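So you know, we letter chains A, B, ... as the sequences are listed, proteins then strands, and number each from 1. All of these numbers come straight from a predicted model, not from anything done at the bench.
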There are 2 protein chains.
Amino acid sequence: MKHNFGAGPGILPHEVLKQAAEAVVDFNGTGLSLLEISHRSPEFEAVLNEAVSLVKELFSVPEGYSVLFLQGGASTQFALAPYNLLPEGGKAAYLETGVWANKALKEAKFFGDVEIVATSKESNFTYIPKDYTVPADAAYFHITSNNTIYGTQLHQFPKSPIPVVCDMSSDIFSRTVNVADFGLIYAGAQKNMGPAGVTLVIVKDDLLGKTGRKIPAMFNYQVQIEGGSMYNTPPCFAIYVSMLTLKWLKAKGGVPAIELENNAKAKVLYDAIDSNPLFKAVAAPEDRSHMNVCFVAENPEHEKPFLKLCDEKGIVGLKGHRSVGGFRASIYNALPIESVNVLIEAMNEFAEKNK
Amino acid sequence: MKHNFGAGPGILPHEVLKQAAEAVVDFNGTGLSLLEISHRSPEFEAVLNEAVSLVKELFSVPEGYSVLFLQGGASTQFALAPYNLLPEGGKAAYLETGVWANKALKEAKFFGDVEIVATSKESNFTYIPKDYTVPADAAYFHITSNNTIYGTQLHQFPKSPIPVVCDMSSDIFSRTVNVADFGLIYAGAQKNMGPAGVTLVIVKDDLLGKTGRKIPAMFNYQVQIEGGSMYNTPPCFAIYVSMLTLKWLKAKGGVPAIELENNAKAKVLYDAIDSNPLFKAVAAPEDRSHMNVCFVAENPEHEKPFLKLCDEKGIVGLKGHRSVGGFRASIYNALPIESVNVLIEAMNEFAEKNK
C-alpha cells in the first residue's frame with residue numbers, strides 16, 4: 001500500500017477512484033463510457049447539476065453567488081479575475097504570500113494597476129503578513145488561502161472594505177469558510193476536490209459586468225454563468241470525479257467533519273516534527289498549513305537516507321519543492337490518518353537510528 | 001451492445017477505455033491512480049511526451065511547428081488564435097461555414113477587424129463556399145475543416161497567400177493533412193482524439209510574437225511552448241486517454257489506414273441514404289462530411305418511429321442537431337463499420353415496413 005503525500009495532483013478517496021474507473025467502461029449501466037456520452041445528455045447534465053448542488057451545500061454558498069466548473073486551472077483564473085473584475089484604469093490589491101500569489105498579481109498587471117499591500121518575500125514566504133491596510137479604492141483584494149510550496153495558510157481571513165478574491169486551490173473544502181465574505185473564490189480541483197482538468201469558480205453575481213471591458217466568451221464569467229458551465233463542452237470526466245469526491249465528503253459529514261480530521265492530522269504531524277531532534281518545521285508556527293506540512297532535516301545529510309526509508313515504507317511524494325528543499329507532507333482531505341502515522345513512525349525510527 | 005453515433009463527446013475505442021479504467025485505479029503498477037500522481041513525475045512526463053510524439057508521427061508534423069495540449073476546448077482557441085496571431089489594428093479573414101465558424105469570427109472581433117470572405121449562411125450552411133479570394137493583407141485565413149452540425153466538410157483545403165488557421169475539432173486524424181499548409185491547427189479532443197477536457201494545438205513557431213500585444217501567460221502560445229504544455233498542471237487524464245487513442249490509431253496503420261476505413265464507412269452510408277426512398281441527405285453532395293452524416297426523413301412523421309426502431313437496435317446519438325433536425329450519424333474513427341451496417345439495416349427495415 002502506498003501512502004500518497006504528493007502535493008498535487010493529490011490523493012483521492014479509494015472508493016471514488018473505483019467508481020470513476022467503472023464509469024470509464026460503463027457509465028451507470030448505459031452501456032456507454034462516461035467519456036463517450038454527450039455533455040447535453042440527461043445523464044451528464046445530472047452529474048453537473050449534482051456537482052453544483054454539492055458545492056452549494058457543502059460550502060453553504062449563499063444566494064447571489066454562481067458556481068462554475070471551468071477549464072484552465074487557477075493559472076487561468078489569475079487572468080480571468082482581473083479580466084472580469086478590474087475596471088479599465090482601475091487598481092487591484094494583492095497579498096504576496098508565495099510564487100502563486102506572485103503569478104496571480106503579474107497577470108493582473110495586464111488589466112490595470114496592482115498594489116502589493118504586503119509581502120513575505122524577504123523571508124522566502126515562511127509567514128503570512130498580517131500588518132497591512134487594504135486600500136478602499138481598489139477593485140478587489142486578492143489572497144491565496146494556502147501556500148503549497150511554503151506550507152503556510154491564512155488561518156484568519158482579512159477584514160476588507162472591498163471584495164476579497166481568494167485562490168483556494170490547495171485548501172478548498174478542507175475547512176469551513178464563510179463564502180459571503182468573498183467576492184470570488186477559485187480553485188484548481190487537483191488537491192482536495194478531484195483530478196486535474198477542472199477549476200471551481202464561486203462568484204458573487206453582482207460584481208460582474210462593471211469593468212467597461214469587452215470580454216471574449218470563454219473568459220467571461222457572465223457567459224459561463226448563462227451557459228451553466230456548458231457554453232462549450234465541459235471537462236466531463238473531471239467534473240464527474242469531482243462530484244464523486246464531493247459526495248464522499250458529504251457522506252463523511254461534510255466540511256466541519258473533515259476539518260476536525262485535518263486539524264487532528266496536522267497536529268500529530270507537527271507535534272512529531274517539533275519533538276524530533278532531527279527535523280524542523282519551516283513555516284512560522286502561527287501560519288502553519290494544515291494541508292502542506294513543510295519540514296527540513298537539521299542535518300542536510302539526513303535528507304537522502306530519510307527519503308530512502310520513507311520509500312521503503314511506501315511513502316511517496318514527500319520531497320519538498322525545490323525552492324524550499326527538505327520535505328513536504330501534503331495531508332489533503334483524502335489522506336487517512338493511518339498514512340500520517342506511518343510517516344511519524346518513519347521519523348521516529350529514523351531518529352532512533354541516528355541518535 | 002450499443003452503436004454510438006453521438007456527435008461528441010464521441011465514441012472511443014473499447015480497448016482504450018479498458019486501459020484508461022485500469023489507470024484510474026492503478027497506473028502502470030505504481031500502486032497509485034493516474035489521477036493522483038504529480039504531473040511532474042517521470043511517469044506522467046512520459047505520457048505527455050508520448051502523446052506529443054504520436055501527434056508528430058501520425059500527422060507528419062514538420063520541423064518548426066510546436067504541438068501543445070491545452071485546456072478550454074476549441075471555443076477558447078477561437079479567442080487565442082487572434083490573441084496570438086492578429087496584430088493590433090490588423091485584419092483576419094474567415095470562411096463562414098457554420099455556427100462554430102461564426103463563433104470563431106465573433107471572438108476575433110475582440111482583437112481586430114474581421115473580413116468574412118464567403119458564407120453559406122443563406123442556405124443554412126448546406127455547402128462549402130468555394131468561389132472566393134483570400135485577402136493577401138489579412139494576418140490569417142480561418143477555416144473550419146468539418147462542420148458537425150450540417151454534415152459538410154472541406155475536401156480540398158484552400159490555396160492561401162496568408163497563413164491558414166484551421167479548426168479541425170471534428171475531423172482531426174480522420175484523414176491525411178499536409179500540416180505545412182497550415183499556420184495553426186487546433187482541435188478539441190472529444191471527437192476523434194480522446195475525451196473532453198483537452199485541446200490539441202499545432203502552431204508554426206515563426207508566426208508567434210508578432211502582434212505587438214501583451215498576452216497573459218495562459219493565453220500565450222509562446223509561454224505554453226516554453227512550458228511544454230505544463231506551464232501549469234495539465235489535464236493529465238484527458239491527455240493520457242488521448243495518448244492511448246493515438247497509439248490505437250498508430251497500431252491500426254495510422255491516418256492513411258483510418259482514412260480508407262472512414263471513406264468506406266461514409267460511402268456505404270451515403271449510398272444507403274441515396275437509394276432509400278424515405279430518407280434524404282442534407283449536405284451538397286460534393287461537400288458531404290465523412291464524419292457527420294446528416295439526413296432527414298422525406299416524411300417528417302417518420303422521424304419518431306425511425307428513432308424508436310434505432311433505439312431498439314442499440315443505436316444511440318442519432319438525433320440531428322436542433323438547427324437542422326432529422327438525423328446525424330457521426331461515424332468517427334472509433335466507430336466500427338459493423339455499427340454503420342446496423343444503421344443501414346435499420347433504414348432498410350424501416351423502408352420495407354413503410355412501403
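Using a 4.5 Å cut-off between heavy atoms, B/F78 makes no contact with chain A at all. For a residue to count as touching a neighbouring chain, one of its non-hydrogen atoms must lie under 4.5 Å from one of that chain's; by this rule A/K103 touches chain B with the side chain only. Looking at B/A238, neither its backbone nor its side chain comes within 4.5 Å of chain A, counting heavy atoms on both sides. No part of A/F44 comes within reach of chain B, as not one of its non-hydrogen atoms sits under 4.5 angstrom from that chain. In this structure, the portion of A/I37 lying under 4.5 Å from any heavy atom of chain B is its backbone and not its side chain. Heavy atoms closer than 4.5 Å to chain B are found in the side chain of A/F111, but not in its backbone. At a 4.5 Å heavy-atom cutoff, A/L34 makes no contact with chain B through either its backbone or its side chain. A/S41 does not touch chain B: none of its heavy atoms, backbone or side chain, sits under 4.5 Å away.
The distance between the ring centers of B/F5 and B/F327 does not fall below 6.0 angstrom.
No side-chain donor-acceptor contact under 3.5 Å links A/Q190 and A/Y332. In summary, the side chains of B/N292 and B/S330 do present a donor paired with an acceptor at a separation below 3.5 Å, with no hydrogens or angles considered.
Remark: the backbone N or O of A/F173 is not paired with any side-chain donor or acceptor of A/N192 at under 3.5 angstrom. Judged by distance alone, the side chain of B/N146 and the main-chain N or O of B/M291 form no donor-acceptor pair under 3.5 Å. A donor-acceptor pair under 3.5 Å is formed between the side chain of B/D26 and the backbone N or O of B/T30. In terms of modelled atom types and a separation under 3.5 Å, the side chain of B/N28 and the main chain of B/E43 share no donor-acceptor contact.
Ring orientation note: the planes of A/Y94 and A/Y140 are nearly perpendicular, at an angle over 60° on the 30°/60° scale. Using bins of under 30°, 30° to 60° and over 60° for the plane-to-plane angle, the ring pair B/Y186/B/H142 lands in the tilted bin.
Contacts with chain B were tallied for A/L12, A/L17, A/L70, A/I11; A/L17 has the most, counting heavy-atom pairs under 4.5 Å. Annotation: maximal heavy-atom pairing with chain A below 4.5 Å, among B/R40, B/M1, B/K106, B/K214, occurs at B/K214. The greatest number of non-hydrogen atom pairs below 4.5 Å with chain B, out of A/A217, A/C236, A/G188, is found for A/A217. Note on B/A79, B/G6, B/S38: by heavy-atom pairs under 4.5 Å with chain A, the leading option is B/S38. When A/V25, A/I239, A/I215 are compared by the number of non-hydrogen pairs under 4.5 Å with chain B, A/I215 comes out ahead. For the options B/G197, B/P235, B/P9, B/A21, heavy-atom pairs under 4.5 Å to chain A are most numerous at B/P9. Note: B/G72 leads B/G72, B/P195, B/G31 in heavy-atom pairs under 4.5 Å with chain A. Chosen from A/G73, A/A7, A/A20, A/G314, the residue pairing most often with chain B at heavy-atom distances under 4.5 Å is A/G73.
Under the side chain to side chain contact (heavy atoms under 4.5 Å, CB included) rule, B/Y240 has a single partner from B/T245, B/V16, B/V47, B/V24, which is B/V47.
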